[in-house]
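Here the structure is laid out as structure tokens; the discussion comes afterwards.
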There are 4 protein chains.
Amino acid sequence: MKRNKPKYKQIIDAAVIVIADNGYHQAQVSKIAKQAGVADGTIYLYFKNKEDILISLFQEKMGLFVEKIQDVIAGKQKAAEKLLVMIENHFKILSDDHHLAIVTQLELRQSNKDLRLKINDVLKEYLLLMDDILQEGIDNGEFDSKLSIRLARQMIFGTIDETVTTWVMNDQKYDLVKQAPAVHHLLLQGCGQKGE
Amino acid sequence: MKRNKPKYKQIIDAAVIVIADNGYHQAQVSKIAKQAGVADGTIYLYFKNKEDILISLFQEKMGLFVEKIQDVIAGKQKAAEKLLVMIENHFKILSDDHHLAIVTQLELRQSNKDLRLKINDVLKEYLLLMDDILQEGIDNGEFDSKLSIRLARQMIFGTIDETVTTWVMNDQKYDLVKQAPAVHHLLLQGCGQKGE
Amino acid sequence: MKRNKPKYKQIIDAAVIVIADNGYHQAQVSKIAKQAGVADGTIYLYFKNKEDILISLFQEKMGLFVEKIQDVIAGKQKAAEKLLVMIENHFKILSDDHHLAIVTQLELRQSNKDLRLKINDVLKEYLLLMDDILQEGIDNGEFDSKLSIRLARQMIFGTIDETVTTWVMNDQKYDLVKQAPAVHHLLLQGCGQKGE
Amino acid sequence: MKRNKPKYKQIIDAAVIVIADNGYHQAQVSKIAKQAGVADGTIYLYFKNKEDILISLFQEKMGLFVEKIQDVIAGKQKAAEKLLVMIENHFKILSDDHHLAIVTQLELRQSNKDLRLKINDVLKEYLLLMDDILQEGIDNGEFDSKLSIRLARQMIFGTIDETVTTWVMNDQKYDLVKQAPAVHHLLLQGCGQKGE
DNA sequence: TATGAATGAGCGTTCATTCAT
DNA sequence: GATGAATGAACGCTCATTCAT
């Protein structure tokens, strides 16, 4: 399995750095190879083509993302709490890795439609996590019983994503994680939070 | 003034169609010229370069956007109503022009960072409209007095944008405009709507 | 006759200025038209094409050149004297018109082979003047009787031309005309000048 | 070192042929690549850009030129003799390579000012060789003690260059090398040669 | 005569991918 | 497995010239 060989991850990490530093359109395969310390041709022993590097990058990083968030959610009872730690961790992971933040919020969006559709597939697992939380919230009466899960998920993801993008575009100069509670508050209200 | 000459708009409309049909990276200048029914060189009598076509496209279309929405907002008293017609019109304009929807939600995002920064400048006017509505809602007691305008605006724009993008990615197969009231409801709650 | 209409000369003078200021490859027809104060299309009422402007320019200016030099030569008896005034006037005319000097020594040489062959035709009249002086000098015993006229003419023209080109390349920062006597001395010796 | 790889010289030789056959402005990179038997892209593994091919061409060929002439000069005692073998070899090298003669005398002069300034740098070494010979001739009493080295060098180079150019323009139809003694005789006299 | 908007052919350069070693 | 030299398709832009007014 190529995914477990050291050069596989080595190339993906190189790609993140090269894309963050040079931008998507200046991230040539040869630059990634150089950064990874391998020959250009070696890339093609681990990846089908350049697009495959980017999809794999997204899968690999988003996998960690989902894993981490599943972890922290597991420890919480209420949907509202789960939503909070999800937002916090989403913000924290990207705060902790400046390169990754630039790559996911700005650079990877320059990829073509096909690639973005594939990236969306990867995102689905994450979106399903949100759906689970929302369903739970509705079921246990935390949220509005008539809430549309799809719309609510679009609101949550759209808001989180827009918040991170604005932060990256402002050169990450304020503390993103500190915004989590306020964003959480907004979204909870949007979901028609009941109770005090 | 070039902007008022017929070929100016002709070329921009051609660009929208060509980009929607072929994708951003396959929208060669020669294709746009052909679609517009002019020679390649004619493009350069009206635009400085290819990037200039795209920026102008965005300015031109987003200008209509802002104008139209300013219009419909003017007729409304309450912030909540204004927000509703804003969402409705946002959805309607893109619903009515499938090509434009594809271009703004998918294709233009593939442009490089420079172009996107310029596009963001154009967007600002639209975002300021939102800020005005939010401020008004806070002032007249419709919304939570402690609402952060920046965060709320990110929620509104993020949600609207994500909703449209999801719709476009699903090949525009359901009625987007019909979603407006539900989205509006969500966002109003997010803003801490008061009143009966 | 187009040559006598005011716009004909107007365009040629504009070409000299535009070429001197912008260089041969940046001297577009539209720039020349603008400098001449006429429309692009008007150029083509007076000249067949762009090349025709340049050939005409050379003919016109070189005509003045030959005329002037024929004039000053007429007043001299000896071949050596004629050669001196020829060199002096060659240097003087180009010293007096910086633009023209740049155009003939640097810019026009960037034209293609065809154009340069035509320019050479124009030059011929000037070279024939030199031949006449040389023949005269041989006939009246001033120069070596075995002197090859063709070679001597190549020496004279080559030396004069190289001297002017070096001066132009050095930004015309020294006095070219002052060099005439020394150049004359060199060339006379080369021609095997007899007598004291 | 790229200069020693076979393809480097292969491309330069191809450039000489293509430029001589098609003219400077019709010497497209793709033509040069085809003539060299390599892919277009390969050119750019050895040269920074098209201009770099031309500068390198000049350096490479002019280097051989200077080397060869330094060689033959070394065997001679007197300045006059050195001048003769210099002229002979200058003529011989260009006589032996018709393509090169066309390229240096006609085609390369069409390059823009920047390129020609760089070419001039390369030429400088050759001109310094001439200066050395002239200084030597003055020092050992062969030449006029009051001779201006700069002017004399301009005469020598101008005459040689004009002679070769005339020969090339006449389609190289006579024997250039045979002209060397006569040209030499002229130039020696120009330098004020003493003694028999 | 004079205009100037419109034309459209033409080319240097990049870079993902291959394959002989 | 690993290399890196070689490949070649693809495209934005310029500008001399035309021609309807």
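Values in this document were obtained by computation on a predicted structure and should not be read as measured data. So you know, we letter chains A, B, ... as the sequences are listed, proteins then strands, and number each from 1.
Comparing A:Val38 and B:Asn49 along DNA chain F, the residue whose closest nucleotide (by nearest heavy atom) sits nearer the 5' end is A:Val38. Sequence order on DNA chain F of the closest nucleotides to C:Gly41 and B:Glu51 puts B:Glu51 first from the 5' end.
Counting non-hydrogen atoms under 4.0 angstrom, A:Lys7 reaches the backbone sugars and phosphates but no base. Among the protein residues, D:Tyr46 comes within range of the sugar-phosphate backbone only, with heavy atoms under 4.0 Å from sugar or phosphate atoms but none that close to a base. Heavy atoms of D:Val29 sit under 4.0 angstrom from at least one base atom.
Across E:dG4, F:dT3, F:dC15, the shortest atom-to-atom separation from the side chain of C:Gln26 is found for F:dC15. With F:dT17, E:dG12, F:dT14 as the choices, the nucleotide that has an atom nearest any side-chain atom of B:Tyr44 turns out to be F:dT14. Relative to the side chain of B:Lys50, the nucleotides E:dG4, F:dC13, F:dT17 differ in distance, and F:dC13 lies closest. Closest approach to the C:Leu45 side chain among F:dG12, E:dG4, E:dA2 is made by E:dA2 (side chain taken as heavy atoms from C-beta onward).
Side chains of C:Gln28 and C:Asn22: a donor-acceptor N/O pair is absent below 3.5 angstrom, by distance only.
The partner of E:dC15, taking Watson-Crick or G-U wobble pairs whose two distances both stay under 3.5 Å, is F:dG8. Base pairing of E:dT21 is made with F:dA2, judged by Watson-Crick or G-U wobble geometry with both donor-acceptor distances under 3.5 Å.
The distance between atom OH of A:Tyr24 and atom P of E:dC15, rounded to the nearest whole Å, is 13 Å.
Between C:Phe65 and C:Tyr126, the ring-plane angle classifies as perpendicular under the 30° and 60° cut-offs.
For D:Lys31 and E:dC11, the shortest distance from a side-chain N or O to OP1 or OP2 is not below 4.0 Å. Checking the phosphate oxygens (OP1, OP2) of E:dT7, a side-chain nitrogen or oxygen of B:Thr42 falls inside 4.0 Å.
Remark: side-chain polar atoms of D:Gln35 are not paired, donor with acceptor, to backbone N or O of D:Ala14 under 3.5 angstrom.
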Apply side-chain contact (heavy atoms from CB on, under 4.5 Å) to the pair B:Met62 and B:Glu60, showing each step before the final yes or no. CA-CA 6 Å; B:Met62 197 39 85; B:Glu60 203 72 12; over 6 Å; no
